[in-house]
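Presented below is the structure to which this report refers.
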Amino acid sequence: MTRGAADILVSLLATALAAGLVWSAVHLPAAPGLAGLVERNLEASGVESAVTAVLLNFRAYDTLLEIGVLLLAVIGALSLHPGEELSPAATEALSSGPEPSPMLMWFVPYMVPVAFVIAGYLWWAGSTIPGGAFQGGTVLGAALVLLLLSGRKFSIRPEAVATRLWLSGGLLFFLAAGAVPMVTGDAVLQWSEEWSGITIVLIEAGLTLSIGGCLAALVVGVPAHPPERALRGRRP
Amino acid sequence: MTGHSLIYAIAGALMVGIGLRALFLQAHLLTKIIAANVTASGTFLVLVGVAPFNGGAHPDPVPQAMVLTGIVISVSITAYALALLRRLYDVTGATDLPEERRK
Amino acid sequence: MSTPAFAAALVPALVWIPLSLGALSFVLGRAASPWLVLPGLLATAGVVPALLPLAAPGGIAAYHLGGWMPPLGIAWRLDGLSAIMLAITAIVSAGVGIFASSMMNRMDRQSEWFWPLLLLLIAGLNALFLTRDLFNAYVTLEIVSLAAVALVTITGTSAPIVAGMRYLLAALAGSLSYLLAVALLYARYGTLDFDLLATVMQDDPIGMLALALATAGLFIKSALFPLHVWLPPAHGSAPAPVSAMLSALVVKAGFYLLLRLWFEVFAALDSLAAARVLIGLCGAGAVVWGSMLALCQQRLKPLLAYSTVAQLGYLLLLFPLAEVVSAWQGTLILVCAHGTAKAAMFLAAGIILRAYGHDRIIAIGGAARGVPLTTFALGLAGVSLIGLPPSGGFAAKWLLLVAAFESGRWWWSFVPLGGGLLAAGYVFIILARAFEAPSADTGDFAQVPRVAELAALALALVSFMLGFAGNAVAIGLDSAIAEMTRS
Amino acid sequence: MTENLGLAFDATLAMLLVWASAQATSRDLFRAVVMFIVLGLLASLAWLRLGAPDLAMTEAAVGAGLTGVLLLDTLGRLRWKRQKRGGPQ
C-alpha cells in the first residue's frame with residue numbers, strides 16, 4: 001500500500017471512530033451509575049471524599065495495581081541506563097542539560113517548601129475534600145523535580161537500597177496492609193470499619209511519598225555522573 | 001454544571017480521532033508519543049463526559065477514580081516511552097521507526 | 001464466600017506473592033535473585049494446583065476484593081478457563097525461571113532488571129486471569145504490556161530497542177481502544193462487572209461500537225492477524241526466556257479477554273454471527289501468512305516468532321465454531337500445547353545461541369550431537385506444533401477438525417490441515433539442519449548448563465504429553481466449557 | 001443568563017481543546033510540545049467544569065507539569081545531540 005493510500009485509510013478510520021463516539025455520546029440513554037451506591041456506603045468507607053473512598057476502599061485493588069504500573073515504568077526506565085560503554089543520553093540527569101535560568105534559581109528556594117507543604121496538605125485533606133495520594137504525590141514529585149533542576153545538593157541515586165525502598169515502599173506497605181485482613185478470615189483489602197479511616201490515611205502517606213519519588217525519578221532519570229560534577233561552575 | 005458534560009464528551013471524541021490519526025501517520029516518535037497522550041486525554045474526557053449521573057449534585061466518583069488511575073498509568077508509560085526514545089536515539093541515531101522513514 | 005476457606009485464602013497469593021517479590025527484588029537488586037526470586041516464583045506456581053479444586057464443577061469461586069460486591073467493588077472468579085490460564089502461566093513461568101537462573105550470570109547488568117520485571121509480568125497475568133471487572137482488566141493489561149516491553153528492551157541493543165518501541169506504541173493504541181470500550185459500556189450500563197453486564201446487555205449500536213473497539217484493541221495486544229506486525233521483530237530479538245514468556249503467555253492474555261467479552265459479556269447478542277466468521281477468517285489468514293513467513297526465515301528466533309503469529313490463528317477458529325463443545329476443548333488444549341511447545345523452542349533457541357554464538361538455521365549443524373537434549377526438546381515441541389499424534393497439538397487440532405465437521409462447516413477443517421503441513425515444513429527445516437554434520441561456519445561450541453537444557457526439555461515434554469492427558473483435561477474442563485457455552 | 005454564559009464558556013473551551021490537540025500533533029516538534037502543555041492546562045479547566053477538582057489538580061501537575069517537563073527535556077536532548085553530531089568534532 002502506498003503512503004497516500006495509508007494516509008487516506010487511517011484518516012477515514014479515525015474520522016469514523018470520532019463520529020461513532022460522538023453519535024454514542026449524543027444517543028446514550030441515561031444509566032443509573034454508581035454515584036448513589038457510593039454515597040450510601042460512604043459512611044462505612046472511613047473517608048468523606050467519594051473519590052478517595054472509591055480509590056482506596058471500594059476499588060482499592062485498582063489503585064494497588066496502578067502503583068505497580070508506576071513502579072514498572074521506573075524499573076523499565078532504569079533498565080535502559082547504559083553501562084559505561086555508551087553515551088548516557090537515555091537517562092542522564094535533567095540538570096546536566098541546559099543551564100537553569102536565574103529566574104528558576106531565585107524561584108526554587110521559595111517554591112519547594114511551599115510545594116512540600118501543599119503535598120502534605122493534599123495527602124491529609126484527601127479523606128475529606130478533593131485531594132489525596134495522587135495529587136499530593138504529583139505535587140511532591142514536581143517539587144523534587146524543581147529541586148533537582150535547580151542543582152541543589154540533592155539527587156536520586158537509584159542504585160542505593162534506601163532509594164529503592166522509598167520508590168517501592170508505598171506499594172509494599174499497601175500490599176502488606178491489604179493482606180492483614182486475611183488474618184481474621186476477611187478478603188484482602190477489606191478494611192475493618194473502625195480502622196478503615198486510619199488505614200487509608202497511612203496507605204495514602206506511603207503512596208504520596210512513593211508516587212512523588214517515582215515521578216521525580218522518571219523525570220530526572222538516572223544521573224550519569226554525580227550531579228555535583230555536572231553542575232559545578234554553572235551556577236551564576 | 002454537569003449538564004454540559006456532553007460538550008466535553010464530544011471534544012474528547014474529536015481528540016481521540018486527532019490523536020489516533022497522528023499516532024499512526026506521524027513518523028517522528030516524539031510526535032507519536034504526544035499523539036498517544038492526546039488520545040488518552042480525549043479518552044478520559046469521554047469517560048467522564050458520558051458517565052451516567054443521576055441528576056444529583058454529586059457527579060459519579062467512579063469514572064473520576066478511573067481517570068485518576070488512567071492519568072497515572074498514562075504518565076508512567078509516557079515517561080518510559082521517552083526514556084526508550086532517548087535510548088533509541090542514542091543507539092541508532094534515529095527518531096523514527098525504520099519502516100516509516102521519509103527520505 | 002461459598003468455598004473452602006483455606007483454598008480461597010490462597011487465591012490472593014497468585015497476585016500478592018509475585019507483586020511483592022517483584023518490588024522486593026527491585027529493592028535488593030542483584031543480591032536477591034538466587035535465594036528470593038526463584039523460590040518465590042516456584043511458590044506462586046505451586047499455589048495453582050491447590051486452587052484447582054475451586055475451579056472444579058460446582059465450585060466456581062467468587063472472591064470480593066475489599067469485601068465489596070460488584071458493582072461497587074471488584075470481583076475475582078476462578079473458573080475452568082481461569083484455572084487453565086493460571087496453570088499454563090505457572091508451568092511456563094517455572095520453566096522460564098529455572099532456565100533463566102541457570103543461564104544468567106548473576107553479575108550481569110540485565111539480571112538486576114530481569115527478575116523484578118518477570119515477577120511483575122507474572123503478577124499482571126495472574127491478576128488478569130482472575131478479574132471480573134472491565135476496568136481492572138485494563139490495569140492488568142497495562143502491567144502485562146509494560147512489563148513485556150521492558151523485558152524486550154532489557155539488553156539495550158538496537159534491534160530490541162526498535163522492536164520494543166514499536167511494540168509499546170502498538171500496545172498503547174490497543175489499550176486506549178479498549179479503554180474507550182470500557183467508557184462506553186460504563187456510560188451505557190453503569191457497571192463494570194462481567195456478570196452484571198452480561199445480564200443487562202442490549203443489542204444496540206453503542207454495544208457494537210464498544211465490542212468493536214475492545215476487539216480491535218485486543219487484536220493489537222495479542223498480535224492477531226492482521227494486526228500482528230509488531231510481534232515478529234519483538235519476539236525475534238528479545239532474550240530467549242523473554243520470548244518464551246511473550247509467545248507462550250503474553251499474547252494469550254488478550255485472547256483470553258476476547259473470550260470473556262465475546263462469550264460472556266456479549267454472549268446474548270445474536271447479531272454477531274457474521275463477525276465471528278470474519279474473526280475466523282482472520283485466523284485462517286494468520287495461519288497461512290505466519291507459516292509462509294516462518295518458512296522464509298534465516299534465523300531460528302524470528303522463525304519461531306512468525307510461527308507464533310500462525311499458531312494464534314488456530315485460536316481464532318473458535319469464534320465461528322463456538323457452539324460446538326469440541327471447538328472449546330481443542331482451543332483450550334491448543335493454548336496449553338502451543339504455550340509449552342513454543343516456550344520450549346524459544347528456550348532451545350537460547351541454548352543454541354549460547355552454545356554456538358548465533359541462531360542462523362543454515363549453520364546449526366552438529367546441534368544434535370553438541371546439545372542433544374535441546375535438539376530432542378526442539379523435536380518434541382516441533383511434533384506438537386505440527387500436530388502429529390500423540391502430542392498435545394494433535395489432540396487440539398483433532399478436536400478442531402471434529403468441531404468443524406460437527407458444526408457442518410467442514411471448510412474450516414482446511415485451516416488446521418493446511419497449517420499442519422506448513423508447520424511440518426518449518427519444523428523440518430530446523431531439525432534437518434540440526435542433525436547435519438557441523439559445517440565450517442557453525443562456530444565454536446560453548447558449554448551450556450544442563451539445567452537449562454532440562455528446563456526446555458521439560459516444557460517440550462509437557463506439550464507432548466498433553467496428547468495423552470488431553471481427554472482427561474477435556475473432561476475436567478467440561479464445566480468451564482459448559483459455563484462459557486451456556487447461552 | 002449565567003446558564004448561557006456557562007454554555008458559551010464550555011463550547012469555547014471544547015473548541016480550544018480540539019484546536020490544541022490538532023496543534024499538539026503537528027509536525028513542528030517545539031510547537032507540538034508547547035501546545036501539549038497548553039492542552040494539559042485546558043483539560044485541567046475542563047475537569048473543573050465537569051465537577052472533578054481531583055482530576056483538575058492531577059491533570060495540571062502531571063499532564064501539563066511533569067509530562068511537559070519530560071517532553072521539553074527529551075526534545076532539548078534530541079536537538080542538542082543532533083547539533084553535536086552534525087557539528088565538527
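A note on names: the letters A, B, ... follow the listed sequences, proteins ahead of strands, and every chain is numbered from 1. Every value quoted in this text rests on a predicted model; they were computed, and no experiment measured them.
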Non-hydrogen atoms of chain A under 4.5 Å away: do they reach the side chain of [X], the backbone, both or neither?
| X | answer |
| --- | --- |
| Val15(C) | side chain |
| Leu121(C) | neither |
| Leu168(C) | neither |
| Phe26(C) | both |
| Asp133(C) | side chain |
| Leu151(C) | neither |

With a 4.5 Å cut-off on heavy-atom pairs, point out which of Leu209(C), Val27(C), Val139(C), Leu65(C) contacts chain A the most.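 Ranked by contacts with chain A, first place is Val27(C).
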Could you have a look at Gly66(C), Gly73(C), Gly190(C), Pro205(C) and say which one has the most heavy-atom pairs with chain A under 4.5 angstrom?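 Highest number of pairs under 4.5 Å: Gly66(C).
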Measure Leu28(A) against the heavy atoms of chain C and call it side chain, backbone, both or neither at under 4.5 Å.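 For Leu28(A), backbone and side chain are both near chain C.
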Heavy-atom cut-off 4.5 Å, strictly under: side chain, backbone, both or neither for Ala73(A) against chain C?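 Looking at Ala73(A), backbone and side chain both touch chain C.
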So with a 6.0 Å cut-off around CH2 of Trp23(A), is the heavy-atom count from everything else above 12?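 It does: Trp23(A) CH2 has more than 12 such atoms within range.
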Between Leu34(A), Leu171(A), Val69(A), which shows the greatest number of heavy-atom pairs under 4.5 Å with chain C?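 So the answer, after comparing Leu34(A), Leu171(A), Val69(A), is Leu34(A).
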Any idea which of Val38(A), Ile75(A), Asn41(A) has the most non-hydrogen atom pairs under 4.5 angstrom with chain C?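 Winner by heavy-atom pair count: Ile75(A).
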Listed by residue number, which members of residues 123-131 of chain C have a heavy atom under 4.5 Å from any heavy atom of chain A?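 Contacts with chain A: Ala127(C).
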